[in-house]
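Down below is the structure, laid out as structure tokens.
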Amino acid sequence: MSPIFMALLLVTGWGIFAYSARRRWKLLMVGAPENRFDRPAERLRRTWTYAIAQLRMRRYPLAGAAHMLIFLGFGVLLLRTLILWGRGFDESFNFRLFGPDQLLGQTYSFFKDIFAVFVILGTLVFLYYRVIKRLGRMTLSTEGLVILGIILAMMVADILYDGASIAGKTKTPSVFLVYEPVGSVLAQSLYGWDPFTLSILKHVGFWTHSTLVLLFLNLLPYSKHFHVITGIPNVYFQSLHSPGRLPPIEDIDGRLEREETLGIRRIDQFSWKSILDFYTCTECGRCSDHCPATKTGKKLSPKHVTLDLRDFLYNQEKALVADKINGDAQEHRKDLVDGVIDPEVLWACTTCRACEQECPVFISYVDKIVDMRRYLVQERSEFPAQLQTAFRGLESNANPWSFPSDDRAKWAEGLDVKTLAEHPDARVLFWVGCAPSFDERAKNVTRATVKLMQLAGVDFAILGTQEQCTGDPARRAGNEYLFQTFAKANVEVLNGYAVDKKKIVTTCPHCFNTLLNEYPDYGGKYEVIHHSTFLAGLIAQGKLKPSRRVDKNVVYHDSCYLGRYNEIYDAPREALRSVPGLTVLEPKATRDRGMCCGAGGAQMFKEEEPGTERVNIARTQQLLETQPDVVASACPFCMRMLTDGLAAHNRESIPQLDIAEILLDSM
Ligand code: SF4
Ligand code: SF4
């Protein structure tokens, strides 16, 4: 076509892109080091599942299909673009075996045409969401429309090039090239046009497509569409740890004492992977759409946490990169908290993981939010006043309510429960937890669980006064030091009784999660079983036989730390369904989309942000919509929140029961 112009176009387009990519790379390298290069096979498996097959997008059928069409179309059309660029130098250019007379070339040409139409359809779906439906969760910027316009124009230009080429080469209107179906359809309407006009159309199509591809490429690093480039790497480098494990602030060798600041104070203290997260956000808003804090009117919107951090990062780019080179730090030393992120935003998070579960590109939130809380708590001693009471209780009595630690096993009086000190050979350690030890309502669940284990002949014991809080509320509230104190002390006690050779059963999903997923970092690797799983197992083995009919409709509420954190959804339902006559109801928001009760992430120990709806009231409303006779849960925190929620709705007449209580009632 025009070798000189094509050479200029390619050199300019790729040159500018190389400059932008280098800028983004240097900024990425400003982040703290983090090893995300382990277990490549697992990473590739997840990349295939979530980035290529886009499993998470199946929750959004139309948008998911549109994404898939555009994604596949781009993959197929990449080769076409290379061929067109080659034709800028030699009009008959084709890659070997891809000539118009070769089977491979014709096959490719056929699919290329089909996928060009797919991309057009996908783009129209996105335009529908942006222009007609105007989904509130999305960022409806002009930039998005420009990018969609470019994609649409690229495809139309490609078809125009083909159509004008076919019409120019063939004189007979009846000729239809099966291997270029879409171009042939267009050619039908162009037959008879004079050769000069056809040549102009062909050139317009050719240069429009060739140029727009480069324009599109160069807009990516400066737009939310950067995810077209960073999305697959971001999925590949996702955390492979259990989501229930918060990354330790240190690595058990005393780094806690050596760290310059505890937690995240500055933007460059986030790791390079966090910066990749910032680059990758598509601004789709699915995270905020499912966030209980956003839903109830709190200042926290996870999408905006990412966007605010990303914008700040971009604004400070020059200073950050210069400081990285010079080993100095100036302007970007501004505290993120207050400076960029309002502390109220951080304290509104229940750590429920709904945002992370929903994000199609695996952007993490809980670790970032807790890291900023760590800085607030440990460096600035700034946190909601009510948390001070919980911290004091933990420090003085090893429970957040300051109940005397000597009373920890009082619930067991009269139940013939032995401690491990009395019965060290017990096969099961029943880890009771703070709320189930001290809270009057939760103690009922503890006793019910004990009675069920006794009925099933389980050989178990408790730690009694040797048990302390796992440290979960302290850790989620940012008090890492306090958490570690408990983790190390508990692991020492547990290992002293060789609990690594026993099973641990607990009724509390927070204890369950911390013992299972976080204590391994401190030398405690245990088989931990939530009581829902354990009881369902005893029923399956025939050791427990619920027989008394309970003719009730029971709605089950999923605990975040059981469900989204540890994928335990079926066991509580199986246990409930084993009760004759009982019907399990599902709220609209259920299982991995279940709404948080509002207690996690240390929210249980602080007031909700004033002037906003309470999360537990909103969740209880969802449960009430199923018109249940009973509201069931499997977590002492959820129990407290839902009981309060029922009271707020003036529905105290509906019992709020743990699955253990329902089972015991049926025995
Ligand atoms: S973890 Fe839950 S509360 Fe926190 S930002 Fe995510 S969705 Fe919102
Ligand atoms: S963080 Fe994920 S879910 Fe939230 S807006 Fe960005 S891409 Fe969408």
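Only this structure's heavy atoms are used, side chains among them; waters, hydrogens and symmetry mates stay out. Counting convention: from 1, in listed order, for ligands and their atoms alike.
- Within ligand 2, counting atoms from 1 as listed, the ones closer than 4.0 Å to a heavy atom of V361 are 7 (S).
- Checked against the 6.0 Å centroid criterion, the rings of F270 and F278 qualify as a close aromatic pair.
- Heavy atoms of E283 found under 4.0 angstrom from ligand 2 belong exclusively to the backbone.
- Residues D439 and P636 are not in side-chain contact: their nearest non-hydrogen atoms beyond the backbone lie 4.5 Å or more apart.
- For ligand 2, the atoms sitting less than 4.0 Å from at least one non-hydrogen atom of G285 are 5 (S), 8 (Fe), numbered in the order shown with element in parentheses.
- The closest side-chain donor-acceptor pair between T296 and K298 falls under 3.5 angstrom.
- Closest to atom 6 (Fe) of ligand 2, if we only count protein heavy atoms, is C281 SG, 2.3 Å.
- Protein N/O/S atoms closer to atom 6 (Fe) of ligand 1 than 2.8 Å number 1 in this structure.
- For W431 and F512, the distance between ring centers is not under 6.0 angstrom.
- In R22, the CZ atom is not crowded: 12 or fewer heavy atoms of neighbouring residues, nucleotides or ligands sit closer than 6.0 Å.
- Ring-centre distance between Y50 and F362: below the 6.0 Å cut-off.
- Taking 4.0 Å as the cut-off, T282 counts as a neighbour of ligand 2 on heavy-atom distance.
- Counted within 6.0 Å of CD on E34, heavy atoms from surrounding residues, nucleotides or ligands total more than 12; the atom is thus considered enclosed.
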Assess whether side-chain hydrogen bond (donor to acceptor under 3.5 Å, both in side chains) is satisfied between N234 and H227, documenting all intermediate values.
-> CA-CA 9 Å; N234 207 50; H227 74 269; over 6 Å; no

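- Residue contact check: C359 has heavy atoms under 4.0 Å from atoms 1 (S), 2 (Fe), 3 (S), 7 (S) of ligand 2.
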Before giving the answer on side-chain hydrogen bond (donor to acceptor under 3.5 Å, both in side chains), spell out for Y60 and E358 the whole-Å C-alpha distance, their side-chain angles and the decisive distance to 0.1 Å.
-> CA-CA 10 Å; Y60 302 87; E358 218 59 38; 2.8 Å; yes

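- Looking only at heavy atoms of the protein, atom 8 (Fe) of ligand 2 is closest to C284 SG, 2.3 Å.
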